[in-house]
Participant: 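Provided herewith is a single structure, encoded as structure tokens, for subsequent inquiry.
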Amino acid sequence: MLSRRLVLAGALVSSLIPGLAVAQGPGQYTISGVDPRSRESYSGTAQLTKTGEDTWRIVWRIGGQTWNGHGIGDGKVLAVNYSGQGASGVFLMIGKEGGGYEAVWSYTGDTKLGAEEWKKAN
């Protein structure tokens, strides 16, 4: 039942976002983003691993920091909670046309959004 709901939610989001294509799913990605608190740009890598039918694990490495996340979704749309460096938050990933992801995120309790772009590493 949960899987069906996730598929329906993904289809709804897909219909609202023109050009949404199947994302590249599990693998290594290069990432770049902007931190909403400092407004500074950052870059790093992320490993996306499928852990179940609709569950995922993400490990980000940004500079000397490691962040860990657990998500749900169909590979096109993923909702993730994350933690690291004494902070936690939520993360929403949407598959981009041609592969990769665009994402928005926020620290728990914050009112600002960060943004991140994911590209499949070679």
Participant: Ring centres of Y42 and W60 under 6.0 Å apart?
Facilitator: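 When the ring centroids of Y42 and W60 are compared, they turn out to be at least 6.0 Å apart.
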
Participant: Between G27 and K120, what is the shortest heavy-atom contact and its length?
Facilitator: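 The pair with the smallest heavy-atom distance is CA-NZ, 3.7 Å.
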
Participant: With a 3.5 Å distance limit and no angle check, can you tell me whether T45 reaches the backbone of Y29 through a side-chain donor-acceptor pair?
Facilitator: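 Judged by distance alone, no pair lies under 3.5 Å.
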
Participant: What I'd like to find out is whether the side chain of V80 reaches to under 4.5 Å of the side chain of M93, using heavy atoms alone.
Facilitator: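 Heavy-atom side-chain distance check passes, below 4.5 Å.
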
Participant: For Q85, check side-chain contact (heavy atoms from CB on, under 4.5 Å) against everything at least two apart and list the hits.
Facilitator: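 Residues passing side-chain contact (heavy atoms from CB on, under 4.5 Å) with Q85: Q65, W67.
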
Participant: Would you please name every residue forming a side chain to side chain donor-acceptor pair (under 3.5 Å) with S88, sequence neighbours left out?
Facilitator: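 S88 satisfies side chain to side chain donor-acceptor pair (under 3.5 Å) with T108 once adjacent residues are dropped.
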
Participant: Given the rule in the side-chain contact (heavy atoms from CB on, under 4.5 Å) test, do N68 and R57 qualify, once you have shown the distances and angles that lead to the verdict?
Facilitator: CA-CA 8 Å; N68 292 287; R57 179 168 192 251; 3.4 Å; yes

Participant: Of all the heavy-atom pairs spanning S41 and V34, show the shortest one and how long it is.
Facilitator: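 Heavy atoms only, the tightest pair is OG-CG2, 4.2 Å.
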
Participant: Going only through I, L, V, M, F, W and Y residues with side-chain contacts under 4.5 Å, is there a path from I31 to V90?
Facilitator: no

Participant: Enter the distance from S32:OG to E116:CD here, rounded to the nearest 0.5 Å.
Facilitator: 7.5 Å

Participant: In Å and rounded to the nearest 0.5 Å, what is the CG to CD1 distance from L48 to I58?
Facilitator: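 L48 CG to I58 CD1: 5.5 Å, rounded to 0.5 Å.
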
Participant: Give the cluster check for V59 versus L78: same hydrophobic cluster or not, with ILVMFWY residues linked at side-chain heavy-atom distances below 4.5 Å.
Facilitator: no

Participant: Looking only at heavy atoms, what is the nearest atom pair of S43 and I62, with distance?
Facilitator: O-CG2, 3.7 Å

Participant: For P36 and L113, work out which heavy atoms get closest and say how close.
Facilitator: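 Closest approach of P36 to L113, heavy atoms only: CB-O, 3.4 Å.
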
Participant: Could you tell me which residues satisfy side chain to side chain donor-acceptor pair (under 3.5 Å) with S83, sequence neighbours excluded, listed by chain and number?
Facilitator: none

Participant: Calculate, to the nearest 0.5 Å, the distance between atoms CD and CH2 belonging to Q28 and W118 respectively.
Facilitator: 9.5 Å

Participant: Please enumerate all residues that pass side chain to side chain donor-acceptor pair (under 3.5 Å) together with E117, with sequence neighbours excluded.
Facilitator: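 Once residues adjacent in sequence are excluded, the partners of E117 under the side chain to side chain donor-acceptor pair (under 3.5 Å) criterion are K96.
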
Participant: Which heavy-atom pair separates D74 from D54 by the least distance, and what is that distance?
Facilitator: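 Taking D74 first and D54 second, the nearest heavy atoms are CA-OD1, 4.2 Å.
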
Participant: Apply side-chain contact (heavy atoms from CB on, under 4.5 Å) to V104 and I94, showing your working.
Facilitator: CA-CA 9 Å; V104 292; I94 307 291; over 6 Å; no

Participant: Could you pull out all residues at least two apart from R37 that satisfy salt bridge (Lys or Arg N to Asp or Glu O under 4.0 Å)?
Facilitator: D110

Participant: Could I get the full list of side chain to side chain donor-acceptor pair (under 3.5 Å) partners for W56, not counting sequence neighbours?
Facilitator: none

Participant: To the nearest 0.5 Å, what is the distance between CD on E102 and CD on E97?
Facilitator: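 Nearest 0.5 Å value for the CD-CD distance: 10.5 Å.
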
